[in-house]
Amino acid sequence: MKPSIPRGTRDFGPQEMTRRNYIFDTIRDVFKLHGYLQIETPAMENLSTLTGKYGEEGDQLLFKILNSRLHESKEKENLQKAFDKTLQSATNTDVLTERALRYDLTVPFARYVVMHQNDMTFPFKRYQIQNVWRADKPQKGRYREFYQCDADVIGSTSLLNEIDLLLIIDEVFGKLGLGVTIKLNNRKVLAGIAELIDAQDKIIDITVAIDKLDKIGEQKVLEELFAKGLSNEAIEKLKPIIFIQGNNESKLESLQKIIANDIGQKGIEELKYIVEKVGPMLSSNCKIETDITLARGLNYYTGAIIEVKVNDSRSEFTSSICGGGRYDDLTGIFGLANMSGVGISFGADRIYDVLMEANLFPNDVEFNTQVLFVNFGEAEQQYCLTLIKQLHSANISAVMFPEQAKMKKQMGYADANKIPFVALIGSQELQDQTITIKQMSTGNQQCIAKSELVNFILKS
RNA sequence: GUGGUUGUAGCUCAGUUGGUUAGAGCAUCAGAUUGUGAUUCUGAGGGUCGUGGGUUCGAGACCCAUCUCCCACCCCA
């Protein structure tokens with residue numbers, strides 16, 4: 001049988017894992033620095049936990065798990081009916097499918113908060129680094145199994161949380177050495193726009209359409225809005241809003257004049273507050289840009305909407321590498337009201353692709369083992385093991401070649417694994433209680449006393 | 001899910017209008033060198049040409065299906 005893995009999934013070799021861990025470690029360190037606590041949730045959730053949270057499209061992208069032992073079921077007629085139904089429509093009954101792989105980390109977190117609310121103190125800051133699955137058609141930068149690195153604050157409506165998260169974004173990409181632009185919008189502004197043109201029921205259609213402005217241009221967006229049933233009058237009212245230009249400040253001021261309803265004004269105020277506070281604190285490699293065409297399809301956002309794009313001459317990457325927003329009532333459906341949260345999610349796999357493209361992985365992340373002990377035979381092995389134990393105690397990574405192979409083989413192993421030092425201990429060294437140590441980068445070697453080993457490596 | 005595209009050794013790729021036994025470089029392994037890697041020389045292993053059908057005297061090449069890769073749409077980390 002020919003081995004293969006499912007479409008859109010990948011194996012990761014040692015070098016890839018070293019680089020992936022560099023990303024995870026960087027993000028994790030910043031999360032911890034900001035006081036977030038780690039949790040994990042199961043790979044699978046009950047299907048009912050996930051359905052309806054991600055919009056119609058999201059429901060289609062859930063990996064559903066077929067119930068087990070269907071062939072032993074006593075209700076095969078019901079099963080047959082349920083199956084016929086799934087062939088007709090997108091909905092599943094739990095007779096056939098009661099579980100699904102998680103689609104993101106935010107909804108499982110909301111479920112977690114409701115289930116464990118009595119064991120938590122609010123506001124609760126949590127981080128979570130786990131993989132998620134989407135039954136999307138794979139493309140570059142789009143995988144069916146990928147990692148998200150989430151930080152969320154739940155139980156606080158303060159905009160200081162938004163600011164905290166934006167600073168995290170700045171710090172993470174600063175540490176990774178990547179230039180980015182944070183795009184910021186607010187769902188209340190979008191709601192205000194919908195109210196202004198008297199089309200509250202079409203808010204999702206409107207946001208999806210104007211989100212495409214960059215991609216398909218003005219004319220096509222207006223055509224799409226018309227096709228979605230907006231009147232010409234409404235579209236005329238919409239035009240000056242969509243095409244607002246200028247810097248953050250002037251854009252928001254113009255909006256403030258046009259969108260004269262409560263919810264719109266509230267959204268603009270929130271945007272202003274965040275931009276004014278956080279703008280001066282961001283590093284030069286991290287720009288912030290208010291963008292009312294930024295929609296994001298997730299149904300549950302109610303306030304801030306955040307998206308991060310690469311803004312770096314070394315990369316052509318256009319997909320977003322981080323996203324997030326505020327959700328006022330995600331826990332409500334699980335029975336816990338008045339629990340507002342806000343969070344962001346780093347797409348580790350896309351960040352990996354960008355860092356590869358921009359050549360931003362540090363070289364030294366590839367090194368691990370410091371010293372290889374050549375294996376000359378049984379008498380020498382014991383001596384080496386003792387020395388290796390000493391090195392390990394000093395937190396220096398060292399190994400002995402497990403076979404008594406030819407020197408060429410053993411030296412080649414050190415070379416292939418980029419091990420910087422090779423320790424040679426044969427009968428002569430054994431007798432003299434010394435170590436011949438070779439530095440692979442220069443080819444130089446010298447003989448040192450056994451007791452000098454740890455210091456020698458530490459100094460090098 | 002819709003439309004398009006790709007697939008030959010572990011990797012990067014040749015392979016003529018369809019014609020003997022499918023090649024190269026790199027990598028791997030072995031030897032030159034039984035205590036010295038990355039450079040040199042010699043040799044070896046490695047392929048059901050993505051898979052399954054079809055056309056043909058004959059298919060890596062042509063046709064169909066299917067899987068995979070990549071691209072656009074949709075959507076998104």
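Note on naming: letters A, B, ... go to the chains in the order of the sequence lines (proteins, then strands), and numbering restarts at 1 for each one.
In this structure, A/R99 does not pair ionically with A/E45, as no charged nitrogen and carboxylate oxygen lie closer than 4.0 Å. Classification of A/R326 and A/E162 as a salt-bridged pair holds, one side-chain N sitting under 4.0 Å from a carboxylate O. Taking 4.0 Å as the cut-off between side-chain N and carboxylate O, A/R134 and A/D136 do not count as a salt-bridged pair. Note on A/K81 versus A/D84: no salt bridge recorded, every NZ/NE/NH1/NH2 to OD/OE distance being 4.0 Å or above.
With respect to A/I321, the side-chain contact (heavy atoms from CB on, under 4.5 Å) criterion is satisfied by exactly one of A/D353, A/L355, A/L178, A/D349: A/L178.
Listed nucleotides: B/rU36, B/rA38, B/rA72. Nearest to the side chain of A/D415: B/rA38. Among the nucleotides B/rG35, B/rA77, B/rA30, the one closest to any side-chain atom of A/T436 is B/rG35. In the set B/rC76, B/rC75, B/rG37, B/rC76 carries the atom at the smallest distance from any side-chain atom of A/R134. Checking B/rA77, B/rA38, B/rU36 against the side-chain heavy atoms of A/M407 singles out B/rU36 as nearest. Minimum atom distance to the side chain of A/R7 is reached by B/rC69, of the listed B/rG37, B/rC69, B/rG35. Listed nucleotides: B/rA77, B/rC75, B/rA32. Nearest to the side chain of A/E57: B/rC75. Comparing atom distances between the A/M411 side chain and each of B/rG37, B/rC75, B/rC70 picks out B/rG37 as nearest.
Rounded to an integer number of Å, the gap from OH of A/Y352 to C1' of B/rA77 is 17 Å. Straight-line distance from the CZ atom of A/R350 to the C1' atom of B/rC75: 10 Å, rounded to whole Å.
An OP1 or OP2 oxygen of B/rC29 is reached within less than 4.0 angstrom by a side-chain nitrogen or oxygen of A/K409. The phosphate of B/rA72 (OP1 or OP2) has a side-chain N or O of A/Q139 nearer than 4.0 angstrom.
Under the Watson-Crick and G-U wobble criteria, each requiring two contacts below 3.5 Å, nucleotide B/rC26 is paired to B/rG10. Across all strands shown, B/rG54 is found opposite B/rC62 as a Watson-Crick or G-U wobble partner, with both distances under 3.5 Å. With both pairing distances under 3.5 Å, B/rG31 is matched to B/rC41 as a Watson-Crick or G-U wobble pair.
Between the base of B/rU36 and the side chain of A/Q410 there is no donor-acceptor pair shorter than 3.5 Å.
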